[in-house]
Amino acid sequence: GESVGLHLPTLSVQEGDNSIINCAYSNSASDYFIWYKQESGKGPQFIIDIRSNMDKRQGQRVTVLLNKTVKHLSLQIAATQPGDSAVYFCAENIRDTGRRALTFGSGTRLQVQP
Amino acid sequence: DGGITQSPKYLFRKEGQNVTLSCEQNLNHDAMYWYRQDPGQGLRLIYYSQIVNDFQKGDIAEGYSVSREKKESFPLTVTSAQKNPTAFYLCASSRTGTGHNYGYTFGSGTRLTVV
């Protein structure tokens with residue numbers, strides 16, 4: 001399969017545990033954030049998004065938390081399953097730059113142990 | 001089913017050659033994007049297009065060119081000026097709208113290797 005990150009930080013969890021993946025962003029003008037999941041050899045898949053006027057958003061088994069004070073974003077996955085093993089990226093839309101495209105973080109590899 | 005298709009999945013380029021990566025979408029999205037992915041790094045923006053016949057350079061546009069003659073298509077040419085083209089290339093598309101942001105739909109990627 002395709003290697004999408006040889007030197008990525010890795011989070012290893014046991015099946016059934018909750019996972020928390022963190023992302024720090026640097027631009028206080030960012031107004032929209034997305035989490036993506038990328039499996040080996042595939043394109044990223046949308047998981048959940050959040051706008052800067054919110055602190056928390058929940059989906060199916062996933063929750064995104066946004067702390068604008070410390071410019072921190074987290075993705076919580078409940079009852080982690082082997083199928084959750086992948087690389088997870090956060091992405092942000094930086095307002096006020098004229099750039100109309102998302103900026104991606106470097107990613108975190110999640111390994112789920114059976 | 002609507003989606004975004006990249007082809008080919010694997011591509012081999014000889015030194016000094018130009019190659020073109022295809023990206024087609026039937027999602028009726030106005031915006032399309034090209035990103036490059038290298039091991040140990042996130043996605044880096046090459047070019048993007050918000051509307052037909054218009055496109056903008058991203059962070060690493062040198063050695064690449066694009067066109068947007070049709071809404072559905074956004075091909076990327078990797079020219080001989082790109083000195084290190086071996087990478088995984090991802091195309092994406094999204095809706096656009098004043099005051100709103102929308103997530104991307106990604107293709108499955110093209111792995112380009114220089115031989």
Side-chain angles (χ1 to χ4, degrees), chain A residues 1-10 21 23-26 29-54 57 59 62 64 66 86-109, chain B residues 3-7 9-10 23 25 27 30-51 54-61 66 74 86-113:
Chain A
E2 184 65 51
S3 172
V4 299
L6 296 178
H7 307 292
L8 293 173
T10 299
I21 301 171
C23 178
Y25 65 95
S26 58
S30 295
D31 62 354
Y32 177 62
F33 304 87
I34 311 175
W35 280 100
Y36 284 92
K37 172 187 179 183
Q38 186 177 27
E39 297 174 321
S40 183
K42 298 182 179 179
Q45 295 173 277
F46 174 93
I47 301 174
I48 191 167
D49 61 358
I50 188 168
R51 302 191 189 282
S52 58
N53 60 353
M54 303 171 68
R57 191 159 188 231
V62 295
V64 55
L66 176 62
V87 176
Y88 290 80
F89 293 96
C90 64
E92 61 185 306
N93 181 66
I94 304 174
R95 200 179 50 185
D96 300 335
T97 62
R99 170 187 169 119
R100 302 293 298 275
L102 296 174
T103 298
F104 284 79
S106 57
T108 297
R109 184 184 306 280
Chain B
I4 183 165
T5 302
Q6 289 187 243
S7 62
K9 187 172 178 63
Y10 298 97
C23 180
Q25 54 99 0
L27 299 165
D30 286 312
M32 297 186 74
Y33 313 83
W34 276 105
Y35 285 85
R36 169 180 170 143
Q37 188 173 34
D38 295 280
Q41 299 189 44
L43 281 65
R44 293 185 290 166
L45 182 66
I46 305 173
Y47 270 98
Y48 65 102
S49 168
Q50 293 283 307
I51 196 168
D54 188 42
F55 48 83
Q56 287 76 41
K57 293 182 178 180
D59 301 317
I60 55 166
V66 293
F74 192 39
T86 294
F88 191 50
Y89 290 86
L90 286 160
C91 180
S93 68
S94 73
R95 295 161 59 194
T96 58
T98 303
H100 291 83
N101 295 297
Y102 300 97
Y104 294 175
T105 300
F106 279 91
S108 56
T110 293
R111 175 72 187 179
L112 174 62
T113 303

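This one's a predicted model, so the numbers in the text were calculated from it and none came from an experiment.
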Item checked: Structural part of B/Q50 lying under 4.5 Å from a heavy atom of chain A -> side chain
Item checked: Where A/K42 and B/F88 come nearest, the two heavy atoms and their spacing -> O-CE2, 3.8 Å
Item checked: Crowding at NZ, B/K9 (>12 non-hydrogen neighbours, <6.0 Å) -> yes
Check: Taking it one step at a time, do B/L90 and A/Q38 satisfy side-chain contact (heavy atoms from CB on, under 4.5 Å)?
Finding: CA-CA 12 Å; B/L90 286 160; A/Q38 186 177 27; 3.9 Å; yes
Margin query: Checking the side chain of B/Y104 only, and the main-chain atoms of A/L102 only, is there a donor and an acceptor separated by less than 3.5 Å?
Written below: yes
Item checked: Taking every non-hydrogen atom, the tightest pair across A/P44 and B/L43 -> CG-CD2, 4.3 Å
Margin query: If you compare all heavy atoms of A/F89 against all heavy atoms of B/G42, which two are closest, and at what distance to 0.1 Å?
Written below: CE2-CA, 3.9 Å
